[in-house]
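To start, the structure itself, in structure tokens.
Not measured: the values here are computed from a predicted model.
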Amino acid sequence: MTQHGTLGVAVVGTGRMGADHVRRIDRVIAGARVVAVADVDAGRAAAVTAAVDGCTVHTDPAAAMAAPGVDAVVVASPGPAHEAALLTALEYGLPVLCEKPLTPDAAAALRVVRAEERLGRRLVQVGFMRRYDAEYLGLKALLDEGGLGRPLMLHHRHRNAASPPGFTDAMLVEDSVVHEVDVTRWLLGQEVAAVTVLRPRASGNAPEGLADPQFVVLETDGGALADVEVYLNCRFGYQVQAEAVCESGTARIGDAHGMLLTTAGRWGGRVAAGFEERFEDAYDRQVRAWVDATRRGEVTGPSCWDGYAAAAVCEAGVRAQAGGGRVEVALAERPALYA
């Protein structure tokens, strides 16, 4: 630990998410400070950290991790670079908060799982931030209490105002539906066993070449069903909703956030413009929990296994998307480390 027990953090990747984490650690979260950053674009990294006292800038993630005062790492580089950064952090024995995905493919994710398993202790937390959202936490607590009986179905809706340039059908599953994959596993405490992807006719709002919206059905090994309506070019804003249908009742989140107005013969509120606004508090909670746990010498939150399982489900989803029909999910045996 650096002076007064403050956690010294290296941030790998200073793009959109990495820059936001630098800001969050520097200005929002107590108990940590950014002491090093790494990015292939040294100019961008320097600009992001210009106001951060004592922060060193590197182009090599390993150099940033080896910098003086580094106690832990945030990995926020593009997904294909995650495996190398994670394996380096594990080699150095550094706790890690890794933005999703753990890795873009299940084989690479399993290699990270095996590397951590060989250490015999967890060091990695995966950034599935919805697990830290107040509404999702409330739904999880309600389901765990059991008062509504067993969950039978989950209905998810994931809507964006517009998809980023170059967004593909596969990215629709790997970058968007992956969140619903994780919260389904988390809310139900079950693995996803099979995936089916259905497509209505494409919206006129969708860019050419993107089949949007899509409808994804997840079957769990506990006999529950979850469906995901993913619509990335709805135009009206960013909206995430979930409803659990249980034996003795239902519970729904995401209908309204903030003030609901009734005036002049109409009622309504506003829809968040993007994921940063909708989940800002969840990101803050996630990083705060990671910092606090790391300072205690603990690792909590979503694990490498969660990242691997999500990657495996998404791979099945992409095969289903490409005409595979119902595709079963193949998972390795779960190591005792993640029991």
Any side-chain donor-acceptor pair under 3.5 Å between His156 and Glu243?
no
How about Ser163 and Asn233: does a side-chain donor come under 3.5 Å of a side-chain acceptor?
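Present: a donor and an acceptor within the cut-off.
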Tell me, please, which residues at least two apart from [X] pass side-chain hydrogen bond (donor to acceptor under 3.5 Å, both in side chains).
X: Gln214; result: Gln321
X: Thr14; result: Asp39
X: Glu247; result: Arg150

Non-hydrogen atoms of [X] and [Y] that approach each other most closely:
X: Leu90; Y: Ala115; result: CD1-CB, 3.8 Å
X: Pro80; Y: Pro104; result: N-CG, 3.6 Å
X: Val230; Y: Ser176; result: CG2-CB, 4.1 Å
X: Thr49; Y: Cys55; result: CG2-SG, 3.8 Å
X: Asp306; Y: Arg185; result: OD1-NH1, 3.0 Å
X: Gly18; Y: Val11; result: O-CG1, 4.0 Å

How would you list, by chain and number, every residue that makes a side-chain contact (heavy atoms from CB on, under 4.5 Å) with [X], sequence neighbours excluded?
X: Asp292; result: Arg288, Arg296
X: Ala63; result: His58, Asp60
X: Ala66; result: Tyr92
X: Thr220; result: Thr184, Leu188, Gln190, Ala224

Could you give me the CA-CA distance, side-chain angles and deciding distance for Leu86 and Cys98, then say whether side chain to side chain contact (heavy atoms under 4.5 Å, CB included) is met?
CA-CA 8 Å; Leu86 288 164; Cys98 179; 3.9 Å; yes
Roughly how far, to the nearest 0.5 Å, is [atom2] of [Y] from [atom1] of [X]?
X: Arg130; Y: Glu135; atom1: CZ; atom2: CD; answer: 11.5 Å
X: Leu143; Y: Trp186; atom1: CG; atom2: CH2; answer: 9.5 Å
X: Asp227; Y: Leu218; atom1: CG; atom2: CG; answer: 8.5 Å

Which ring-ring contact (aromatic ring centres under 6.0 Å, His included) pairs, counting each pair once, include a residue from residues 95-150, with sequence neighbours left out?
none
Stepwise salt bridge (Lys or Arg N to Asp or Glu O under 4.0 Å) test for Arg122 and Glu298
CA-CA 9 Å; Arg122 281 191 56 191; Glu298 300 175 3; over 6 Å; no
Look at the aromatic rings of His158 and His179 and report parallel, tilted or perpendicular, splitting at 30° and 60°.
tilted
Are [X] and [Y] close enough for a salt bridge, meaning some N to O gap below 4.0 Å?
X: Arg159; Y: Glu229; result: yes
X: Arg23; Y: Asp26; result: no
X: Asp284; Y: Arg24; result: yes
X: Asp169; Y: Arg199; result: yes
X: Arg131; Y: Asp182; result: yes

Please check if [X] and [Y] belong to a single hydrophobic cluster, counting links between Ile, Leu, Val, Met, Phe, Trp and Tyr side chain heavy atoms closer than 4.5 Å.
X: Leu331; Y: Leu337; result: yes
X: Val57; Y: Val22; result: yes
X: Val113; Y: Leu97; result: no
X: Phe215; Y: Val183; result: no
X: Val192; Y: Leu225; result: no

Please write out which residues are connected to Leu148 in a hydrophobic cluster, directly or through intermediates, given that two of Ile, Leu, Val, Met, Phe, Trp, Tyr count as joined at side-chain heavy-atom separations below 4.5 angstrom.
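Listed partners: Leu142.
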Do you know which of Pro302, Ser303, Pro95, Cys304 makes side-chain contact (heavy atoms from CB on, under 4.5 Å) with Val124?
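With Val124 as partner, Pro302, Ser303, Pro95, Cys304 yield a single side-chain contact (heavy atoms from CB on, under 4.5 Å), made by Cys304.
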Pairs flagged by side chain to side chain donor-acceptor pair (under 3.5 Å) wherever residues 109-118 is involved - sequence neighbours left out:
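Pairs touching residues 109-118 that pass the test: Glu83-Arg111, Arg114-Glu117, Glu116-Tyr338.
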Determine, step by step, whether Val9 and Val35 satisfy the side chain to side chain contact (heavy atoms under 4.5 Å, CB included) criterion, reporting the C-alpha distance in whole Å, the side-chain angles of both residues, the deciding distance to 0.1 Å, and the verdict.
CA-CA 6 Å; Val9 179; Val35 298; 5.9 Å; no
Which residue pairs satisfy the salt bridge (charged side-chain N to carboxylate O under 4.0 Å, His left out) criterion with at least one member in residues 316-330, sequence neighbours excluded?
Glu219-Arg326, Arg326-Glu328
For residues 202-212, pull every pair meeting salt bridge (charged side-chain N to carboxylate O under 4.0 Å, His left out), keeping only residues two or more places apart or in separate chains.
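Checked against salt bridge (charged side-chain N to carboxylate O under 4.0 Å, His left out) - neighbours excluded - no pair reaches residues 202-212.
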What do you reckon, is CG of Asp144 surrounded by more than 12 foreign heavy atoms closer than 6.0 Å?
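Buried by this count: over 12 neighbours within 6.0 Å.
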